[in-house]
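Structure record follows, encoded as structure tokens.
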There are 2 protein chains.
Amino acid sequence: MLAAQRKDLILATLRTEGRVVAKELAAELELSEDTIRRDLRELAADGRLHRVHGGALPASPAVADFTVRTGIRQDAKVAVGRLAAGLVRPGQTVAVDGGTTAQQLVRHLAADLRATVVTHSPTIAVELATHPSVEVIIVGGRLFKHSVVAAGAAAHEAIGRISADLFFLGVTGIHPTAGLTTGDADEAAIKRAWTQRAGETYVLGSGEKIGAASAFEVVPLDAVTAVLTDADAPERGVAELRTAGVEVIRAG
Amino acid sequence: MLAAQRKDLILATLRTEGRVVAKELAAELELSEDTIRRDLRELAADGRLHRVHGGALPASPAVADFTVRTGIRQDAKVAVGRLAAGLVRPGQTVAVDGGTTAQQLVRHLAADLRATVVTHSPTIAVELATHPSVEVIIVGGRLFKHSVVAAGAAAHEAIGRISADLFFLGVTGIHPTAGLTTGDADEAAIKRAWTQRAGETYVLGSGEKIGAASAFEVVPLDAVTAVLTDADAPERGVAELRTAGVEVIRAG
DNA sequence: CTTGTCTTTGCACGTTTCTGCACGTTACTG
DNA sequence: CAGTAACGTGCAGAAACGTGCAAAGACAAG
């Protein structure tokens with residue numbers, strides 16, 4: 001067992017058990033209590049746990065939350081995700097596409113939000129497994145490995161049986177004339193199916209996607225309710241989209 | 001062995017084992033520790049792994065986090081997972097249950113294995129997204145958050161349309177008279193459905209589950225092909241199962 | 001085939017990190 | 001308030017580390 005790994009293990013045990021005891025850890029890991037105590041001391045110094053006589057307790061949740069957030073640098077995606085999360089009303093059924101921005105979306109859903117999320121992305125489903133009140137429906141199908149989402153006939157069929165209030169669509173290109181595009185035909189078909197099954201469709205479009213175009217059109221621009229983007233999105237591209245009649249909402 | 005090939009091998013080992021130790025790699029590859037250390041330094045410089053004293057850990061926190069979550073009794077789960085992975089023949093369709101042992105199973109599937117894995121666990125699906133040749137089918141449904149698997153009517157229906165060669169079943173209890181049990185009725189029903197749809201069923205049972213029993217029976221012991229367990233499984237429990245007519249295979 | 005260059009690898013050596021023990025101190029328990 | 005368990009510190013041996021260097025092999029040019 002590597003020393004570095006040991007600290008992770010202590011923290012993991014702390015999360016699952018709610019406490020750790022120095023003596024028990026020493027026995028379990030077959031190390032002296034001195035070494036365990038040293039680890040606990042160092043983890044406490046980093047604010048990763050709360051040291052107490054005999055062992056340790058979890059650090060305050062605020063600390064954990066802070067370390068997680070600062071660890072992520074995708075500012076634009078976080079901003080767009082947060083903006084999108086704010087559009088969801090209690091009781092709604094929301095279809096969520098795959099992708100890192102969508103991941104940020106579900107991560108920012110309010111902890112007390114009661115809603116239903118339908119997704120063909122196993123990653124999104126796993127993320128929401130820890131959400132206390134959101135109901136999650138997974139759309140199955142053949143796994144399209146490149147973007148890690150379910151696709152194929154089974155997925156189409158499942159989507160056809162769902163009606164969603166909102167759909168959050170991820171694309172690789174948002175272009176005034178080429179419309180909304182992505183790099184794979186199967187994926188485009190799935191995204192199109194979702195768009196048809198949802199009352200409103202919002203595009204998750206962090207700035208670098210605006211003005212870009214990929215090979216396969218998902219839907220034309222007028223098929224969506226609005227494009228959500230971040231504060232750093234290029235002015236010119238946004239203006240072009242608005243001229244084309246698309247509503248563009250910028251994150252804070 | 002080419003140097004570049006060696007680095008790939010190190011990264012592959014890191015993915016499957018969750019860590020690598022410089023000394024072990026040196027012995028395995030019959031090279032000096034210096035050379036291994038050089039490789040690790042370079043891979044760390046490229047951000048492909050996280051260098052720590054004694055070896056290296058995965059660069060992505062997500063991977064590391066999961067490895068750690070499997071807990072202190074990880075060795076047994078890895079051993080059982082590896083044993084189970086070895087039972088899969090090319091061309092077979094394999095149903096895989098949720099759980100950390102199953103996660104180890106798919107992680108140890110040979111990189112060149114051509115097979116189809118069907119699963120109602122989004123976590124397993126995500127894990128297999130990086131496997132080069134395995135085809136993955138996701139079973140959808142309502143997400144049962146506690147164990148992070150799809151369940152409910154939709155899942156049942158989807159499973160009913162599948163015929164698998166093998167099913168790897170995870171349970172919380174393996175008891176000579178109570179049979180195979182788990183802690184949730186819905187989950188038990190899904191597992192039962194899989195058992196009925198598979199030619200052979202193998203139980204993933206790391207030692208501590210033997211002799212234990214939970215509230216809901218999945219299937220009786222005679223419904224499964226064999227129980228896979230680790231070398232540290234209690235002798236007495238294993239003997240009792242064998243007396244009850246169950247084949248028990250221990251991991252080396 | 002020979003020569004020169006570049007890469008790879010292992011070794012030597014000084015440095016850093018990890019770990020367990022000894023010892024004195026501090027915190028719990030009855 | 002006494003006894004015990006847990007604690008922190010200093011220290012030493014062991015293991016791991018990085019660096020510089022030289023030998024061996026690969027490879028292209030001549």
Side-chain angles (χ1 to χ4, degrees), chain A residues 1-60 63-64 67 71, chain B residues 1-61 63-65 67-75 78 111 232:
Chain A
M1 164 84 50
L2 298 171
Q5 208 181 0
R6 196 175 54 229
K7 289 189 185 179
D8 289 341
L9 186 57
I10 291 173
L11 289 173
T13 307
L14 197 51
R15 272 198 297 273
T16 56
E17 306 289 324
R19 57 140 218 197
V20 288
V21 179
K23 197 171 189 173
E24 292 174 3
L25 285 172
E28 201 114 30
L29 300 169
E30 296 175 349
L31 286 166
S32 75
E33 291 183 42
D34 298 73
T35 301
I36 299 299
R37 274 198 284 269
R38 228 185 311 256
D39 287 344
L40 294 179
R41 228 176 295 154
E42 289 166 10
L43 287 167
D46 293 346
R48 311 250 279 152
L49 52 72
H50 178 57
R51 186 79 168 87
V52 296
H53 196 84
L57 298 173
S60 74
V63 173
T67 51
Chain B
M1 157 95 45
L2 298 166
Q5 207 177 353
R6 193 174 59 231
K7 288 188 184 179
D8 287 343
L9 197 131
I10 291 173
L11 290 173
T13 308
L14 195 52
R15 270 195 297 275
T16 58
E17 305 293 326
R19 60 139 208 214
V20 289
V21 180
K23 198 173 188 172
E24 292 175 3
L25 286 171
E28 208 155 327
L29 301 170
E30 296 176 347
L31 287 166
S32 74
E33 291 184 41
D34 298 73
T35 303
I36 300 298
R37 274 198 285 269
R38 227 183 313 254
D39 287 344
L40 294 179
R41 257 197 305 265
E42 289 165 10
L43 288 167
D46 292 347
R48 311 251 278 150
L49 52 72
H50 178 58
R51 184 80 168 90
V52 297
H53 196 84
L57 299 174
S60 136
V63 176
D65 191 46
T67 309
V68 158
R69 257 188 232 159
T70 57
I72 288 172
R73 285 296 303 154
Q74 186 189 1
D75 291 354
V78 172
D232 296 338

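In the text below, chain A, chain B and the rest are named by the order of the sequence lines, each starting its count at 1.
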So, is Thr35(B) close to the dT9(C) phosphate, meaning a side-chain N or O under 4.0 Å from OP1 or OP2?
no

Heavy-atom side-chain proximity of Leu25(A) to Leu31(A) below 4.5 angstrom:
no

When rounded to the nearest 0.5 angstrom, what distance separates CZ in Arg38(A) from NZ in Lys7(A)?
10.5 Å

Among the nucleotides dC18(C), dG20(C), dA27(C), whichever has the atom closest to the side chain of Ser32(A) is dG20(C)

If you only use heavy atoms from C-beta on, which nucleotide in dA27(C), dT9(C), dG8(D) is closest to the side chain of His53(A)?
dA27(C)

Spacing of Arg41(B) atom CZ relative to dG10(C) atom P, expressed in whole Å
14 Å

Side-chain donor or acceptor of Asp34(A) under 3.5 Å from a matching atom on the base of dC21(C)?
yes

Using whole Å, report how far CD1 of Ile36(A) lies from P of dC7(D).
11 Å

So does Glu42(B) pair up with Arg48(B), basic N to acidic O under 4.0 Å?
no

How is Val52(A) classified with respect to the nucleic acid when contacts are heavy atoms under 4.0 Å: base, sugar-phosphate, or nothing?
sugar-phosphate

Measure NZ/Lys7(B) against C1'/dT7(C) and give the value in whole Å, please.
12 Å

Find the distance Glu33(B):CD to dT19(D):P and express it as a whole number of Å.
17 Å

Decide yes or no, distance alone: a donor-acceptor N/O pair under 3.5 angstrom between the base of dG10(C) and the side-chain of Arg38(B).
yes

Note: Arg19(A)-Glu24(A) ion pair, threshold 4.0 Å (strictly below)
yes

Atom CG of Leu40(A) and atom P of dG8(D): how far apart are they, to the nearest Å?
9 Å

Within this structure, what is the CG-to-C1' distance between Leu25(B) and dA16(D), rounded to whole angstrom?
14 Å

Could you check how far CZ of Arg37(B) sits from P of dA16(D), rounded to whole Å?
8 Å

Heavy atoms, side chains only, cut-off 4.5 Å: are Arg6(B) and Thr35(B) in contact?
yes

Nearest-Å distance for atom pair CD/C1', residues Glu42(A) and dC18(C)
10 Å

